[in-house]
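Every number for a ligand or one of its atoms is a count from 1 in the order of the listing. Counting begins at 1 with the first residue of the sequence.
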Amino acid sequence: MRVIIERDYDAMSQRAADIVTELIERKPDAVLGLATGSTPLGLYRELIRRHREAGLDFSKVTTFNLDEYYGLAPAHARSYARFMRENLFDHINVPESQINIPSGLARDVDAWCESYERRIQKAGGIDIQVLGIGSDGHIAFNEPGSSLASRTRIKTLTAETVCDNARYFGSEEEVPKYAITMGMGTILEARMCLILASGEKKAKVWADFIEGPITAQVTASALQLHPRVVAICDETAASLLKRRDYYDHVERMTVLLAAALR
Ligand code: PGA
């Protein structure tokens with residue numbers, strides 16, 4: 001795992017945007033896995049800016065979102081479909097037909113989830129999966145105790161997640177109690193995972209994810225088994241990392257090695 005510590009949220013977002021931009025320029029028909037939440041907003045703002053000002057082209061890109069609240073229609077003000085539209089898709093040139101988001105209204109949930117997995121396969125798999133981390137250690141809605149081999153399915157949200165997300169709904173009662181989410185097995189098949197965190201509130205879970213044991217109690221820790229993970233955070237989220245000096249040293253050495261090999 002490559003751990004990169006940037007000075008603040010904006011620098012973290014720029015660094016993440018550089019990685020996504022490099023992929024799209026190298027592979028115009030890239031498949032992006034996308035996340036909702038407050039963490040990737042800076043990344044999305046930067047991708048929109050690069051689209052507008054530098055012509056970053058999404059016309060051949062395909063996207064798959066991680067999750068959606070169960071019971072919410074795509075047009076619902078708090079649905080993740082709406083979130084993605086407002087914060088990214090309405091501002092770039094990715095065609096509607098290439099956008100994939102789990103359905104919050106599926107009646108035959110198992111069949112729908114299987115079809116989502118097949119769609120990912122048919123698109124050739126995910127090149128970069130963007131991820132945030134929940135305060136309970138989840139990625140997507142793979143709550144503590146989720147099988148680390150799980151596939152797309154319906155999950156019951158933890159009380160902690162409901163409480164964290166009440167800020168978007170006004171009260172905990174209004175937060176949906178279930179979500180359709182990609183599984184840990186689905187996420188681990190992405191060719192690269194790009195996980196982001198910022199702020200002091202994430203410091204403990206960030207250290208648990210990177211330096212703690214691999215455990216279904218912190219599902220993000222399963223990324224330790226993935227061969228290509230880039231974990232980018234700001235200074236405050238990095239504050240409890242024990243091997244901070246080493247991560248910074250690796251960054252400096254990586255730059256030197258690249259220069260030497262040029
Ligand atoms: P956040 O959510 O980006 O809003 O902190 C992260 C998550 O719950 O996965």
Side-chain angles (χ1 to χ4, degrees), residues 6 8-10 12-13 15-17 20 32-47 64-70 72 77-84 86-88 101-102 104 128-146 148 150 152 155-170 172 174-184 186-188 190 193-210 216-223 229-240:
E6 293 288 354
D8 58 19
Y9 179 77
D10 286 345
M12 175 196 82
S13 302
R15 189 68 178 260
V20 174
L32 292 180
L34 298 174
T36 50
S38 53
T39 309
L41 284 174
L43 161 64
Y44 297 158
R45 275 196 295 271
E46 182 57 20
L47 292 176
F64 285 91
N65 262 79
L66 287 170
D67 44 22
E68 178 61 283
Y69 289 117
Y70 190 62
L72 298 195
R78 298 289 166 239
S79 75
Y80 283 165
R82 178 92 170 258
F83 177 99
M84 289 308 299
E86 289 175 357
N87 292 296
L88 184 64
I101 301 182
I128 292 184
Q129 176 64 60
V130 175
L131 297 159
I133 186 167
S135 55
D136 65 2
H138 71 209
I139 50 176
F141 276 127
N142 292 290
E143 299 288 35
S146 289
L148 299 182
S150 51
T152 303
K155 275 301 286 185
T156 303
L157 306 184
T158 60
E160 198 171 348
T161 296
V162 170
C163 173
D164 283 350
N165 292 359
R167 66 189 196 274
Y168 296 109
F169 287 86
E172 286 187 25
E174 285 166 73
V175 180
K177 304 300 180 283
Y178 307 94
I180 307 265
T181 179
M182 275 190 211
M184 290 304 303
T186 324
I187 293 168
L188 290 170
C193 290
L194 175 59
I195 182 164
L196 311 175
S198 86
E200 205 183 332
K201 261 187 69 186
K202 296 287 171 71
K204 179 169 184 318
V205 78
W206 192 246
D208 287 346
F209 139 60
I210 294 171
Q217 295 307 309
V218 178
T219 55
S221 66
L223 293 175
V229 174
V230 179
I232 315 180
C233 68
D234 64 4
E235 285 289 347
T236 48
S239 59
L240 296 177

Could you list each N/O atom of ligand 1 together with any protein N/O atom closer than 3.5 Å, one pair per line with the distance?
{"unit_1": "ligand 1", "atom_1": "3 (O)", "unit_2": "Ser38", "atom_2": "N", "d": "3.3"}
{"unit_1": "ligand 1", "atom_1": "3 (O)", "unit_2": "Thr39", "atom_2": "N", "d": "2.9"}
{"unit_1": "ligand 1", "atom_1": "3 (O)", "unit_2": "Thr39", "atom_2": "OG1", "d": "2.4"}
{"unit_1": "ligand 1", "atom_1": "4 (O)", "unit_2": "Ser38", "atom_2": "N", "d": "2.9"}
{"unit_1": "ligand 1", "atom_1": "4 (O)", "unit_2": "Ser38", "atom_2": "OG", "d": "2.9"}
{"unit_1": "ligand 1", "atom_1": "4 (O)", "unit_2": "Arg167", "atom_2": "NH2", "d": "2.9"}
{"unit_1": "ligand 1", "atom_1": "5 (O)", "unit_2": "Lys202", "atom_2": "NZ", "d": "2.5"}
{"unit_1": "ligand 1", "atom_1": "8 (O)", "unit_2": "His138", "atom_2": "NE2", "d": "2.7"}
{"unit_1": "ligand 1", "atom_1": "9 (O)", "unit_2": "His138", "atom_2": "NE2", "d": "3.2"}

Practice task
Would you indicate whether the side-chain heavy atoms of Thr152 and Pro102 approach each other to under 4.5 Å?
Solution key: no
Handout entry: Test: Lys155 and Glu143 ion pair at under 4.0 Å
Key = no
Practice task
Identify which one of Ile139, Leu131, Thr36 satisfies the side chain to side chain contact (heavy atoms under 4.5 Å, CB included) criterion when paired with Leu66.
Solution key: Leu131
Practice task
Could I get the full list of side chain to side chain donor-acceptor pair (under 3.5 Å) partners for Ser38, not counting sequence neighbours?
Solution key: Arg167
Fill in the blank from the handout: Residue set satisfying salt bridge (Lys or Arg N to Asp or Glu O under 4.0 Å) with Lys177, at least two apart, ordered chain then number -> none
I'd like a table of donor-acceptor pairs (distance under 3.5 Å, sequence neighbours excluded) in which one partner is a side-chain atom from residues 196-209, with atom names and distances.
{"unit_1": "Lys202", "atom_1": "NZ", "unit_2": "Ile133", "atom_2": "O", "d": "3.0"}
{"unit_1": "Lys204", "atom_1": "NZ", "unit_2": "Asp208", "atom_2": "OD2", "d": "2.7"}

